[in-house]
Amino acid sequence: MSLNREKYQAFVTLLEQLRSDATTTQIVAPELRQGVASLQQFFRQQIVPLADVGVGVGEASGREASPQGEDWRVQSYQTEISKQLRLLEIDVMFLQGARQASTAQTRLQTISDRLTILIQYCDAILQPEAEGEK
């Protein structure tokens, strides 16, 4: 298993844990904000450098990836992940400002949906490698 794959899977685990906390427990906004900050920090420190090195998920596993094929696709997903993380931070700020229980519940559902999107992006990045292992 490549180091890159392990980092993406660790990121997915963090996303799933935060989504679970947001939907099943009575999490308060400051705790959620801290969780989002941790996600952003992990992404910046562990995931973004993978693109800077120019090694895609497939290349690290020993598969040959075309420079404009796999790297471009992974970079596109990383850009979308970065955008969704910023939007997630804004969603948490909106949750903090919610005055009514129904509004807070709607905000929590939006946060859960955004975390699901982030998980799907990571799964899409990992998918070609999973097919190559078959």
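Using a 4.5 Å cut-off between side-chain heavy atoms of Ile, Leu, Val, Met, Phe, Trp and Tyr, with links allowed through other members, Val74 and Ile117 fall into the same hydrophobic cluster. Hydrophobic clustering of Ile, Leu, Val, Met, Phe, Trp and Tyr side chains at less than 4.5 Å, counting indirect connections, unites Leu115 with Val12. Both Val92 and Leu14 sit in one connected hydrophobic cluster of ILVMFWY residues. Membership requires side-chain heavy atoms under 4.5 Å apart, directly or through other members. No chain of hydrophobic side-chain contacts below 4.5 Å, direct or via other Ile, Leu, Val, Met, Phe, Trp or Tyr residues, connects Phe43 to Ile90. By the rule that hydrophobic residues join a cluster once side-chain heavy atoms approach within less than 4.5 Å of another member, Leu87 and Leu39 end up as members of separate clusters.
The two residues Gln45 and Pro49 have their closest heavy-atom pair at O-CG, 3.3 Å. The shortest non-hydrogen separation linking Leu118 to Gln84 is CD2-CB, 3.5 Å. Taking every heavy atom of both residues into account, Ile111 and Asp91 meet most closely at CG1-CB, 3.7 Å. In this structure, Arg5 and Leu126 approach most closely via the heavy-atom pair NH1-O, 3.4 Å. Taking both residues in full, the closest heavy atoms of Leu95 and Ala104 are given as CD1-O, 3.6 Å, listed atom of the first, atom of the second, then distance.
Between Arg114 atom CZ and Lys83 atom NZ the span is 8.5 Å, to the nearest 0.5 Å. Rounded to the nearest 0.5 Å, atoms CD (Gln46) and CG (Asn4) are 10.5 Å apart.
Residue Glu80 qualifies as enclosed at atom CD: its count of foreign heavy atoms under 6.0 Å is above 12.
Two residues are said to be in side-chain contact when any heavy atoms from C-beta on lie closer than 4.5 Å; Leu15 and Cys122 meet this criterion. A 4.5 Å side-chain heavy-atom check between Tyr8 and Leu50 finds at least one atom pair inside the cut-off. The closest side-chain heavy-atom distance from Glu89 to Leu85 is not below 4.5 Å.
Under 3.5 Å, the side chains of Arg107 and Thr103 contain no donor-acceptor pair of N or O atoms. For the residue pair Gln109/Asp113, the side-chain donor-acceptor check at 3.5 Å is satisfied.
Here the side chain of Ser112 pairs no donor or acceptor atom with the backbone of Leu108 at under 3.5 angstrom. The main-chain N or O of Gln78 is never found under 3.5 Å from a side-chain atom of Ser82 such that the two would form a donor-acceptor pair. In terms of modelled atom types and a separation under 3.5 Å, the side chain of Thr79 and the main chain of Gln75 share a donor-acceptor contact.
Sorted by first and then second residue, the salt bridge (charged side-chain N to carboxylate O under 4.0 Å, His left out) pairs involving residues 28-46 (not counting sequence neighbours) form an empty list.
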**Study point:** Stepwise side-chain contact (heavy atoms from CB on, under 4.5 Å) check, Ile47 with Ile81
**Key:** CA-CA 10 Å; Ile47 305 294; Ile81 290 170; 5.9 Å; no
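Contacts of Thr116 classified as side chain to side chain donor-acceptor pair (under 3.5 Å), with partners at least two apart in sequence or in another chain: Arg19. The side chain to side chain contact (heavy atoms under 4.5 Å, CB included) search around Ala37 returns none, not counting sequence neighbours.
Relative ring orientation between Phe42 and Phe11 is described as parallel, the plane-to-plane angle staying below 30° on a 0-90° scale split at 30° and 60°.
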